[in-house]
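One structure is given below, encoded as structure tokens.
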Amino acid sequence: MKIVADENMPLVQELFGSFATVVTVAGRKINKEHLLDADVLLVRSVTQVNQDLLQGTKVRFVGSATIGTDHIDQGYLLEQGIEFAYAPGCNAQAVAEYVLAAIAFWADHKQKDLRQCTVGIIGAGNVGSKVAQILELLGIEYLLNDPPLEEQGDSRQFVPIQAIQQCDIVTCHVPLTNRGLHASHHLIDEKFLSVMQPGGLLINSSRGAVVDNTAALHCKQAGKDIDFVLDVWENEPDLNVELFKQSLISTPHIAGYSQEGKIRGTYQLYQSVCQWLGMVPKFALRDLLPEAPKWNPPVKLSSDTGFLYQSLRSFYDIKSDDQQMRQKLEEVLRRSGATIAEEFDNLRKNYPQRLEFLELS
């Protein structure tokens, strides 16, 4: 059996190498030539898996080590009888910790008392639920908005989007969908931004096109007092440079890039491939995850607006990721021969090991 996998997936050789030949390729460079004699394709979010990529190949199983599936043409896979698996929830804690770090930095930078703030969470799935769990732990007030879950009978209390717009902080955790009553494409548009609270914060760590990047830039250019923390971008890796410059925090799609999150993603696909082949997994997830020091959250928030950020910095300093990206952008603008898109991908490929710092169930 031959497996082609994104080179950014950890432990693929260790997990799959005992029963398959594993070839790793940069995710954006995976093409049909790599797959002509491959049985299994394992990707992350940057590889577009569709008829153009798969037609004429031997691939019978596609796995995505991610929580989103908008890069996968599942209709085509179903038509061709190609098995599909992904990894919902694998990096939910990492993204939630990124959101916490963003809120802590904003509170420190803008001298905001989080005891007086309300967080609006759009999307209450795996990630949104983790964010809510962390906010509850810290005693920070939050509201949930998730019409699809509400319609399915989820017992939690939900509020309409208009209530979210009045929150001090809004954070997005929805899949990218283009059709239907609750389509999320450009959910955060000019109209949404125009009624957000002055002095507020918008965080997007879901998918780039959930936020209309042009509208966000116009918002800043018009002098609207809203801060942006953006980890995902429309048309990435060709991001909107002006929006990047004007955002409070800009990072290269690494919110979920904890070591544990990546390992969980690979492991969930390993389980799925084993099931597909009728094999019993030889490895247990607990034996693969690194041991890491954990942060002790304060029993209650302090009136010191910088306390939370300073407490978290030794575990994860979101500002360092922002500074790295800004430095790379400046280098690109000063020289020829490299592009912002290439540097964006290089930052992701060479992202340093980040360990999760909270004990969450």
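In this text the structure is predicted, and so the values were computed from the model without any measurement.
Ring orientation note: the planes of Phe357 and Trp295 are nearly perpendicular, at an angle over 60° on the 30°/60° scale. Using a 30° and 60° split on the angle between ring planes, Phe19 and Phe16 fall in the perpendicular class, above 60°.
Taking the charged nitrogens against the carboxylate oxygens, Glu150 and Arg156 have no contact shorter than 4.0 Å, which rules out a salt bridge. Salt-bridge annotation for Asp37 and Lys2: present, with a side-chain N of the basic residue lying under 4.0 Å from a carboxylate O of the acidic one.
Heavy atoms of other residues, nucleotides or ligands lying less than 6.0 angstrom from CD of Gln271 number more than 12. The number of heavy-atom neighbours closer than 6.0 Å to CD of Glu190, taken from other residues, nucleotides and ligands shown, is 12 or below. Environment of CD in Gln157: sparse, with no more than 12 heavy atoms of neighbouring residues, nucleotides or ligands closer than 6.0 Å.
Residues Ile122 and His173 have side chains not in contact (no heavy-atom distance under 4.5 Å, counting atoms from C-beta outward).
Checking Tyr98 against Thr251 by side-chain atom types alone, a donor-acceptor pair falls below 3.5 Å. Side-chain N/O atoms of Glu97 and Gln93 include a donor and acceptor closer than 3.5 Å.
Through direct or indirect side-chain contacts shorter than 4.5 Å among Ile, Leu, Val, Met, Phe, Trp and Tyr, Val62 is connected to Val4, Val23, Val25, Ile30, Leu35, Leu41, Val43, Val49, Leu53, Leu54, Val59, Ile72, Tyr76, Leu77, Ile82, Phe84, Tyr86.
In this structure, the separation between CG on Leu288 and CG on Leu15 is 5.5 Å, given to the nearest 0.5 Å. Atom CZ in Phe192 sits 7.5 Å away from atom CD1 in Ile164 (nearest 0.5 Å).
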Expected list for residues 203-213: side-chain donor-acceptor pairs under 3.5 angstrom, two or more places apart:
{"from": "Asn204", "atom 1": "OD1", "to": "Ser206", "atom 2": "N", "distance (Å)": "3.2"}
{"from": "Asn204", "atom 1": "OD1", "to": "Ser206", "atom 2": "OG", "distance (Å)": "2.6"}
{"from": "Asn204", "atom 1": "ND2", "to": "Arg207", "atom 2": "O", "distance (Å)": "3.0"}
{"from": "Arg207", "atom 1": "NE", "to": "Asp70", "atom 2": "OD1", "distance (Å)": "2.9"}
{"from": "Asp212", "atom 1": "OD1", "to": "Thr214", "atom 2": "N", "distance (Å)": "3.1"}
{"from": "Asp212", "atom 1": "OD1", "to": "Ala215", "atom 2": "N", "distance (Å)": "3.1"}
{"from": "Asn213", "atom 1": "OD1", "to": "Glu234", "atom 2": "N", "distance (Å)": "3.1"}
{"from": "Asn213", "atom 1": "ND2", "to": "Val211", "atom 2": "O", "distance (Å)": "2.9"}

